[in-house]
Amino acid sequence: MKRILGSLALIIVLWLGSTAVIGNKTKSELDRGIEKSNKEYAKHGIELNILEYEQSFFTSGLKLEVKILDKELEKMITDNYGLIFPLISQYDIEHGPLFFKNGLGVGLSRVYQELEISSLFRKEIQEKFSKKSMIASKSVVSFSKIADYSILSEAIEIKDENSKIDISPFEIRGETHLDTLVGETQIVLPLFSFLENEKKLMIESMQIDVKIDDSLSPSLAMGDIDLSIKKLYISDKENGEIELYPTLSIVSKKDSDKTFGSNIEMQIDVGKSTTQKSLAEIEKLFFNIKMDGIGIKGMEKYQTITKKMEQKQAIIMIDIQKNPENQEENYAKLVKLQEEMSAGILDTLKDMIFKNKSAISYSFMGQTKDKKDSHGDISLKYIGDINFSKTAQEISQEINTNLFNLFELEIDINVDEKHISTLPDGDEFLKQLQAPMTQTMVNHQNQKYIIKGHLKNQELILNDNNLTNTVLPLLKMLTQMGMSK
């Protein structure tokens, strides 16, 4: 059932992608739109094709297919997620400037589609759907090539002997410029629930707002994403129940012609809880990740590499599960894949990080119901000058050897002792803290454990203690030993 959930999400993504290129007035414009989209989709192993196109003066009919280019990947998705490929979609298109069917309107084109969700699955999965559930879309393309679209679904219910999925009618609305991809989208899901044996997951009133201000490439856009969930409820007979109220905000924007920055914030307020003590006492959690000076070209290359590697890894993992007798061979493939990915990522660094500009920082805060809090800030900045003209192996060796010359670290962590003691192995962890405390690496004052300092210019300062000649050499040795494995 969990895999069916993944399939439903994949259907929505593929459908949105294919629908986005529909709506051009002529067949030749449509061909150009699909050709342009396929250049990007090819990076993800997907291809769009027109199967049929029947045009009259006022209307046209279009049948479109979504193919998986890699046959092994297609078989893996079909075998494990039950989707039938290629996915076939039928569109009805009205041509402007005036629309008469389904109400009077004006624009370049108006596009309709209806789809029965269960029809995209194999027969044995279709039988798990309690009823036929339709999903319908409508988009109107204005004379300025802005597509105003809406997607509406009926309620979906899927069940078998041990589990059940309920998805209330959801809605997706927005507008997008067909050339620049600038626009806004809102997704509203009133209710989702998943039951499996005696476990339950329920989401109430989820809303996602996406605003695209600048599309740097089809796979990298600048803008805002805001997610809110009125209530996330999780229950388990063995572990109890908990209510969470999460929000997420992501803001991305260019900070130069070559670089961009992102700020990610997540807050989770905790309501009723009967889980283990350490979780039951939490009132609020906050996380923040901020990135600056990240290379646009490097990020595009990184996305392409990781997507290809994920597809290859998924195929190998499925084979490991299905054919345990080939375990040794498949693990060798995974090791080789890891080496390929490491080399690929190293190659992206020359376009990803820039001296004295690229930086990442991480902040966290946790507060318990007694108003005690723990918080921390960690920042890392690239200050080195790696020679990226070398081979991947040579670059790796240079990073290994000169790691502490390449980056600047700032750290400020304050953890309440009560928060540590409530962890599953908190008492043991407190004992382990005694050794660092004797080296003044960790301070204990006002019922808090504190680590504050920096590593820059070959100098290590922690809690006002200079550890450059004592602890830093040991850290260098341990780091090089770990990287050389």
Side-chain angles (χ1 to χ4, degrees), residues 1-20 66 77-85 87-91 112-139 149-174 184-210 225-237 241-248 266 268 271:
M1 293 290 277
K2 293 177 182 176
R3 290 177 176 176
I4 295 176
L5 276 178
S7 299
L8 290 173
L10 179 61
I11 288 169
I12 299 299
V13 171
L14 292 176
W15 194 32
L16 281 171
S18 59
T19 301
V66 180
I77 294 175
T78 300
D79 291 346
N80 291 276
Y81 295 91
L83 286 173
I84 301 172
F85 280 95
L87 299 179
I88 308 295
S89 301
Q90 180 74 46
Y91 297 87
Y112 303 89
Q113 185 200 28
E114 272 198 342
L115 183 69
E116 183 189 336
I117 297 175
S118 63
S119 66
L120 302 176
F121 291 88
R122 296 198 313 258
K123 184 178 179 180
E124 62 269 25
I125 295 180
Q126 290 182 19
E127 294 171 351
K128 298 179 186 291
F129 284 76
S130 301
K131 60 180 180 179
K132 290 184 178 180
S133 298
M134 304 299 295
I135 183 170
S137 72
K138 181 179 80 171
S139 65
Y149 57 87
S150 63
I151 298 174
L152 304 173
S153 82
E154 295 180 337
I156 302 170
E157 183 182 88
I158 310 168
K159 59 184 179 180
D160 58 20
E161 293 179 358
N162 301 312
S163 57
K164 182 182 177 184
I165 297 170
D166 281 294
I167 304 174
S168 67
F170 60 84
E171 184 176 345
I172 302 174
R173 295 185 181 275
E184 298 181 2
T185 298
Q186 184 180 82
I187 303 172
V188 177
L189 175 63
L191 184 66
F192 166 86
S193 70
F194 175 55
L195 298 172
E196 186 175 50
N197 297 321
E198 296 179 335
K199 298 179 181 179
K200 182 177 183 179
L201 167 67
M202 184 173 68
I203 297 172
E204 289 185 13
S205 300
M206 183 179 76
Q207 180 170 314
I208 304 173
D209 293 286
V210 181
I225 300 175
D226 291 296
L227 178 148
S228 64
I229 296 175
K230 183 179 180 181
K231 183 169 73 173
L232 172 60
Y233 174 81
I234 304 170
S235 69
D236 184 324
K237 185 178 180 180
E241 62 180 0
I242 188 168
E243 290 181 2
L244 306 174
Y245 317 111
T247 59
L248 173 68
M266 184 175 189
I268 303 173

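For clarity, every value in this text was computed on a predicted model and none was experimentally measured. Starting from 1, each residue takes its place in the sequence as its number.
Ile165 is not listed as a side-chain neighbour of Ser193, based on a closest heavy-atom distance of 4.5 Å or more. In this structure, the side chains of Gln186 and Ile208 stay at 4.5 Å or more apart for every pair of heavy atoms. The shortest distance between side-chain heavy atoms of Leu120 and Leu87 falls below 4.5 Å. The shortest distance between side-chain heavy atoms of Asp226 and Leu248 does not fall below 4.5 Å. Taking 4.5 Å as the limit, some side-chain heavy atom of Ile135 sits within range of a side-chain heavy atom of Phe170. Contact of the Ser163 side chain with the Phe194 side chain is registered, since non-hydrogen atoms from C-beta on lie closer than 4.5 Å. The closest side-chain heavy-atom distance from Leu232 to Tyr245 is not below 4.5 Å.
A salt bridge is defined here as a Lys NZ or Arg NE, NH1 or NH2 lying under 4.0 Å from an Asp or Glu carboxylate O, and Lys131 with Glu157 fails to meet this definition.
Formation of a donor-acceptor pair under 3.5 Å by the Asn197 side chain with backbone atoms of Lys199 is not found in this model. Side-chain atoms of Ser118 do not come within 3.5 Å of backbone N or O of Gln126 as any donor-acceptor pair. A donor-acceptor pair under 3.5 Å is absent between the side-chain atoms of Glu116 and the main chain of Met134, judged by distance alone. Judged by distance alone, the side chain of Gln207 and the main-chain N or O of Val188 form no donor-acceptor pair under 3.5 Å.
Listed here is the closest heavy atom pair of Pro169 and Ser153: CB-O, 3.2 Å. Scanning all heavy atoms of the two residues, the minimum distance from Lys128 to Asp160 falls at NZ-CB, 3.7 Å. Considering all non-hydrogen atoms of both residues, Glu198 and Lys237 come closest at OE1-CD, 2.7 Å.
Separation of atoms CD1 (Ile151) and NZ (Lys138) is listed at 13.0 Å; rounding is to 0.5 Å. Distance check, rounded to the nearest 0.5 Å: OG of Ser228 to CG of Asp209 gives 7.5 Å. Here CD1 of Ile158 is found 7.5 Å from OG of Ser133. Values are rounded to the nearest 0.5 Å. Rounding to the nearest 0.5 Å places CD1 of Ile167 at 4.5 Å from CD1 of Ile156. Once rounded to the nearest 0.5 Å, the distance linking CD of Glu204 with CD of Glu243 reads 8.0 Å. Once rounded to the nearest 0.5 Å, the distance linking CG of Leu201 with CD1 of Ile234 reads 6.0 Å.
With sequence neighbours excluded, the residues satisfying side chain to side chain donor-acceptor pair (under 3.5 Å) with Glu171 are Arg173.
A donor atom on one side chain and an acceptor atom on the other are found under 3.5 Å apart for Tyr233 and Glu241.
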Between Thr185 and Tyr149, does a side chain to side chain donor-acceptor pair (under 3.5 Å) hold up when you go through it step by step?
CA-CA 9 Å; Thr185 298; Tyr149 57 87; 2.4 Å; yes

